[in-house]
Each structure stands twice: as structure tokens, then as C-alpha cells.
Protein chains: 2
Amino acid sequence: MTPLIQSFVAHFGEMGSRWGINRTVGQIYALIFVSPRPLCADEIADALSYSRSNVSMGLKELQSWRLVKLRHIAGDRREYFEAPSDAWEIFRTLAEERRRREMEPTLSMLRSALLEVPTNDEDRVAQERMRGMHELIEMMSNWFDDIQRLDAQTLARLMRMGARVQKLLELTGQLKSGSKE
Amino acid sequence: MTPLIQSFVAHFGEMGSRWGINRTVGQIYALIFVSPRPLCADEIADALSYSRSNVSMGLKELQSWRLVKLRHIAGDRREYFEAPSDAWEIFRTLAEERRRREMEPTLSMLRSALLEVPTNDEDRVAQERMRGMHELIEMMSNWFDDIQRLDAQTLARLMRMGARVQKLLELTGQLKSGSKE
DNA sequence: ATGAATTTTCAGTAATTACTGAAACTTTGA
DNA sequence: TCAAAGTTTCAGTAATTACTGAAAATTCAT
């Protein structure tokens with residue numbers, strides 16, 4: 001590993017642990033991401049000085065997040081791993097997977113909590129707060145879903161617009177006032 | 001704690017660990033969030049059966065995330081803690097703090113990596129990928145910053161629009177074609 | 001200043017999570 | 001069907017992180 005790659009990999013190892021992801025997994029992904037060609041498990045274990053089995057676990061985790069693609073090379077039985085070279089695509093996958101793992105369980109917990117009939121003031125207030133949270137998370141979840149379908153270019157345009165989108169909304173609000181939104 | 005609140009608190013304890021946040025901190029915040037009035041450390045320790053010192057640590061962490069507000073009650077020396085009752089506000093704080101803790105260090109690492117002059121093909125490719133990632137993260141970081149300034153209502157409108165925003169962009173793209181955007 | 005009420009720190013311990021090496025399993029070519 | 005190449009599982013151990021209780025520090029009324 002060159003020093004450039006080494007520092008990139010190290011950074012993602014540390015960052016990883018601020019997420020749910022562990023150091024090994026972060027480093028493996030960083031390495032695959034910057035590699036010009038797919039890597040096999042042994043190469044990864046070698047480069048990072050981790051045991052073969054640890055790398056195997058890490059790759060399985062990355063697969064469960066759908067962040068790596070498998071490749072096969074003719075005449076070679078080993079599996080090779082590759083990341084999308086487009087950071088947008090990675091981000092999209094990550095967002096979708098987080099929605100599924102973090103938002104959905106919370107939404108279903110909140111939904112069932114909101115079905116309960118509160119029998120005291122404490123529960124009444126609690127439910128009120130939960131309702132607000134449910135509303136927010138549901139909205140964001142749907143929004144993620146919509147965003148998912150935009151192509152990178154449109155999304156980039158939307159982001160570059162930033163706060164100016166507000167102006168646009170005000171404008172269309174006027175144009176469409178009276179219609180369904 | 002009522003069963004309703006208990007299940008909410010338990011859920012956030014478990015969810016917390018999928019984030020960087022630990023179980024205790026997640027539970028403390030959940031409890032504060034649904035409480036109709038500010039709580040003091042002893043009440044929290046009591047409700048969750050954690051040691052007073054553990055709760056103290058947890059509250060400190062929540063303060064470092066700026067997720068709790070301190071309140072004082074006349075004639076009572078203890079500090080009371082409260083969460084914004086508006087989930088939007090919480091989300092905004094969280095997003096800002098994550099940007100600061102996760103995006104900024106990564107951006108600065110990437111920036112310095114991109115300043116290096118690559119001396120071989122491996123580094124050249126790696127830098128190319130890093131450039132893509134830098135572009136994406138920087139764009140998102142700026143966008144978060146912009147979003148920050150929108151009021152909840154506008155943001156909600158934007159989200160409810162979802163993918164339809166694409167149509168809007170196409171429209172304005174036509175209107176403005178030739179101008180600076 | 002004194003001391004009671006409260007909060008924080010910290011060293012030690014418990015619990016959890018990460019990692020390894022060996023063994024089991026799978027796949028494929030001869 | 002066998003054996004070689006490759007991958008996964010898993011029990012045990014290492015490393016990390018969470019938690020506690022006791023002691024120290026802080027705050028504030030007198």
C-alpha cells in the first residue's frame with residue numbers, strides 16, 4: 001500500500017467506528033474503493049494484516065449492505081470484490097440500507113405505540129411526542145425513497161440549489177395555489 | 001415508567017448502538033424526550049436503574065451533541081434536563097453535529113490527499129476516486145448547511161414534493177437556460 | 001469560611017465486541 | 001470420486017467499551 005492509500009484506509013477505519021461499522025470493515029471498504037481492480041480476500045488480508053477469517057467476516061458484512069460487487073476472473077476460482085467507483089451510487093445504497101435498518105424498525109415501534117389508548121397524562125404526552133417523531137421519520141423515509149429514483153445529475157442540481165429551493169417553492173406555491181399542492 | 005414509555009425507551013437503547021451512541025445514552029434521551037417536564041439526573045438514574053455516575057456521563061455526552069437543554073427550578077439546586085419537543089429541531093441538531101464530526105474530518109483528509117502529486121498509476125486511480133468522494137461529500141455538507149436554515153414548514157413541503165421536484169427543476173432549467181445556473 | 005447538596009472524575013470490574021487459528025465445509029477440475 | 005483450492009464457521013482469546021462505587025470537586029446558603 002502506498003502512503004496515500006494507507007492514510008485513506010486508516011481514516012476510514014477510524015471513522016467506521018463512529019458509525020455502527022467496525023474498523024476492519026471500514027478499512028476493507030476503503031481499500032476496495034480506491035483499488036483500480038477487484039481484489040480477492042487474500043490480497044485484502046495481506047494488505048491490511050488481518051486474518052483471512054476476519055476479512056471473510058468483513059466482506060460478508062459489506063455484502064449484507066450491498067456495498068460490494070462480486071467479480072470472477074476467468075481461470076481463477078477466487079472471488080474478487082469491487083466497489084462502485086461512483087460515490088453517488090455508494091451513498092444511495094447506504095441511505096437505502098440505513099432506512100431499512102434504522103427507520104423501519106422505529107416506524108413500526110412507533111406505529112404500535114400510537115395505537116395504544118393512553119390511560120394517564122404521562123402516556124398522553126408521550127404519545128404526542130411520539131406522533132411528532134413518527135410523522136418526521138415517515139416523511140423522511142418516503143423522501144429518501146423518492147430521492148433514490150433521481151439520477152445523480154438531477155440530485156446534484158437540487159443540492160447545488162440549496163436554500164434557493166425555498167424561493168422556487170414560494171413561486172410554485174403561488175402558481176399552484178388552489179390546486180392540490 | 002409506564003409500559004408505553006418503557007417500550008419506547010428500550011427501543012432507543014437498542015437502536016442507539018446501531019449508531020455511535022451507546023445504550024445508556026439512547027435510553028436517557030428517549031426518556032427525556034417523552035417526559036412532560038424536565039428531569040433531573042437522579043430521576044433518570046432511578047427510572048432506568050443506572051448508576052448516578054453513568055447517567056452523569058450520558059448527560060454530558062448528550063450535552064456535547066447539544067441535544068438537551070438545561071433548566072433550573074426555583075428553590076432547587078439540581079439541574080433539570082429537557083429535549084426539544086419538536087422532532088424537527090432534534091433532527092436538525094443531529095444533522096449539524098454529524099456533519100461536523102463525520103464529514104468535516106473526512107473532507108480535510110481528502111483535501112490533503114488530493115494535494116499530493118501521484119507518482120504511480122495506483123495512486124492516480126486512488127486520487128480519482130477520492131476526488132469523486134470529496135465532491136459528493138462537499139456538496140452534501142453545503143446542502144445540509146443550506147437546509148439548516150429552512151423552517152420546518154418549508155422543509156416539510158420540499159419533502160412532500162419528493163421526486164416531483166425533478167419536474168420543477170426541468171421547468172426552471174428551461175426558464176433559466178442560458179443564465180448562470 | 002463551613003458544610004450540606006449536588007455533580008464529576010476515575011480506577012477497577014463487567015460486559016461486549018473484535019479478531020484469530022483451526023477445523024469444517026464447498027466448489028471445481030482431473 | 002478424489003483431492004486441491006478456496007471460503008466459512010466457530011470456540012477461544014484479546015481488546016475495547018460500558019458501568020459502578022467511592023472519592024474528589026463544585027456550588028451555594030448560612
Side-chain angles (χ1 to χ4, degrees), chain A residues 9-32 37-65 67-82 101, chain B residues 9-32 37-65 67-82 101:
Chain A
V9 164
H11 180 86
F12 273 82
E14 279 152 38
M15 263 350 212
S17 50
R18 294 210 184 174
W19 279 59
I21 281 166
N22 73 28
R23 195 162 48 95
T24 317
V25 175
Q27 293 190 355
I28 292 174
Y29 202 59
L31 188 64
I32 292 175
R37 57 179 183 78
L39 299 174
C40 73
D42 284 304
E43 290 171 312
I44 296 167
D46 214 45
L48 302 176
S49 311
Y50 284 124
S51 72
R52 183 65 188 66
S53 58
N54 195 12
V55 170
S56 172
M57 300 274 215
L59 287 168
K60 249 189 110 185
E61 168 125 19
L62 287 171
Q63 279 173 276
S64 85
W65 282 86
L67 286 169
V68 288
K69 298 183 210 162
L70 269 75
R71 289 273 171 268
H72 285 97
I73 289 179
D76 188 336
R77 274 164 60 182
R78 285 171 296 187
E79 293 191 308
Y80 285 80
F81 299 86
E82 179 177 65
R101 296 178 186 214
Chain B
V9 165
H11 180 87
F12 273 81
E14 279 152 37
M15 263 349 213
S17 49
R18 294 210 184 174
W19 279 58
I21 282 166
N22 73 29
R23 195 161 49 95
T24 316
V25 175
Q27 293 189 355
I28 292 174
Y29 203 60
L31 188 65
I32 292 176
R37 56 180 184 78
L39 299 175
C40 72
D42 284 305
E43 290 172 312
I44 296 167
D46 214 44
L48 302 177
S49 312
Y50 284 124
S51 72
R52 182 65 188 67
S53 57
N54 195 10
V55 170
S56 173
M57 299 275 215
L59 287 169
K60 249 188 110 184
E61 168 125 20
L62 287 171
Q63 280 173 276
S64 84
W65 283 86
L67 287 169
V68 289
K69 298 184 211 162
L70 269 76
R71 288 273 170 269
H72 286 98
I73 290 179
D76 188 336
R77 273 166 59 183
R78 286 170 296 185
E79 292 192 309
Y80 285 79
F81 298 85
E82 179 177 66
R101 296 177 186 216

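Worth knowing before you read on, the calculation uses all heavy atoms, side chains too, and leaves out hydrogens, waters and symmetry mates. Reminder, nothing fancy here: chain letters follow the sequence lines and each chain counts from 1.
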**Q** Give every donor-acceptor pair under 3.5 Å between a side-chain atom in residues 43-51 of chain B and any protein atom, sequence neighbours left out.
**A**
| residue | atom | partner | partner atom | Å |
| --- | --- | --- | --- | --- |
| B/E43 | OE1 | B/C40 | N | 2.8 |
| B/E43 | OE2 | B/R37 | NH1 | 3.3 |
| B/E43 | OE2 | B/R37 | NH2 | 3.0 |
| B/Y50 | OH | B/R23 | NH1 | 3.2 |
| B/Y50 | OH | B/Q27 | OE1 | 3.2 |
| B/S51 | OG | B/S53 | OG | 3.2 |
| B/S51 | OG | B/N54 | N | 3.1 |

**Q** In whole angstroms, how far is the P atom of D/dT7 from the CD atom of A/E43?
**A** 11 Å
**Q** Compute the bend angle of the helix from C/dA1-D/dT30 to C/dA30-D/dT1 from the end axes (five pairs per end), rounded to 10°.
**A** 20°
**Q** Could you go step by step and tell me if B/F12 and B/L31 meet the side-chain contact (heavy atoms from CB on, under 4.5 Å) rule?
**A** CA-CA 9 Å; B/F12 273 81; B/L31 188 65; over 6 Å; no
**Q** Using atom CZ of A/R78 as one end and atom P of D/dA4 as the other, report the distance to the nearest whole Å.
**A**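 After rounding, the reported distance stands at 18 Å.
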**Q** Answer whether the closest heavy-atom distance between the side chains of A/L67 and A/I32 falls below 4.5 Å.
**A**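 Heavy-atom side-chain distance check fails, nothing below 4.5 Å.
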**Q** Between C1' on C/dA18 and CG on A/L59, what's the gap in Å once rounded to a whole number?
**A** 16 Å
**Q** Tell me: CD of B/E61 to P of C/dT8, nearest whole Å?
**A** 14 Å
**Q** Hey, is the main chain of B/R101 close enough, under 3.5 Å, to the side chain of A/R18 for a donor-acceptor pair?
**A** yes
**Q** With respect to the phosphate group of C/dT9, does any side-chain polar atom (N or O) of B/K60 fall under 4.0 Å of OP1 or OP2?
**A** yes
**Q** Which residues satisfy the salt bridge (charged side-chain N to carboxylate O under 4.0 Å, His left out) test with A/E82, sequence neighbours excluded?
**A** A/R71
**Q** For a quick test of reading the model, state the closest non-hydrogen atom pair linking B/L59 to B/A41 and the distance between them.
**A** CD1-CB, 4.0 Å
**Q** Crowded around B/K60 NZ? As in, over 12 foreign heavy atoms under 6.0 Å?
**A**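 Atom NZ in B/K60 is not crowded, with 12 or fewer foreign heavy atoms closer than 6.0 Å.
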**Q** From CG of A/D76 over to C1' of D/dA4, roughly how many Å is that when rounded to an integer?
**A**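 Going from A/D76 (CG) to D/dA4 (C1'), I get 14 Å.
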**Q** What is the distance, rounded to the nearest whole Å, between atom CZ of A/R18 and atom C1' of C/dT17?
**A** 19 Å
**Q** Could you tell me which residues satisfy side-chain hydrogen bond (donor to acceptor under 3.5 Å, both in side chains) with B/E14, sequence neighbours excluded, listed by chain and number?
**A**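 If we apply the side-chain hydrogen bond (donor to acceptor under 3.5 Å, both in side chains) test to B/E14, skipping adjacent residues, there are no hits.
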**Q** Going by ring pair (Phe, Tyr, Trp, His ring centres under 6.0 Å), name the residues that satisfy it together with A/Y80, two or more places apart in sequence or in a different chain.
**A** none
**Q** Reading nucleotides 19-30 of chain D 5' to 3', which nucleotides get B (base under 4.0 Å from a protein heavy atom), which S (sugar-phosphate only), which -?
**A** SBB-----BS--
**Q** By nearest nucleotide on DNA chain D, pick out whichever of B/I21 and A/Y80 is the more 5' one.
**A**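 Comparing both residues, the 5'-ward one is A/Y80.
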**Q** Distance check needed: C/dA18 P versus A/Q27 CD, whole Å only.
**A**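 These atoms are roughly 13 Å apart.
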**Q** Nearest whole Å is fine: how far is C/dT8 C1' from B/L62 CG?
**A** 16 Å
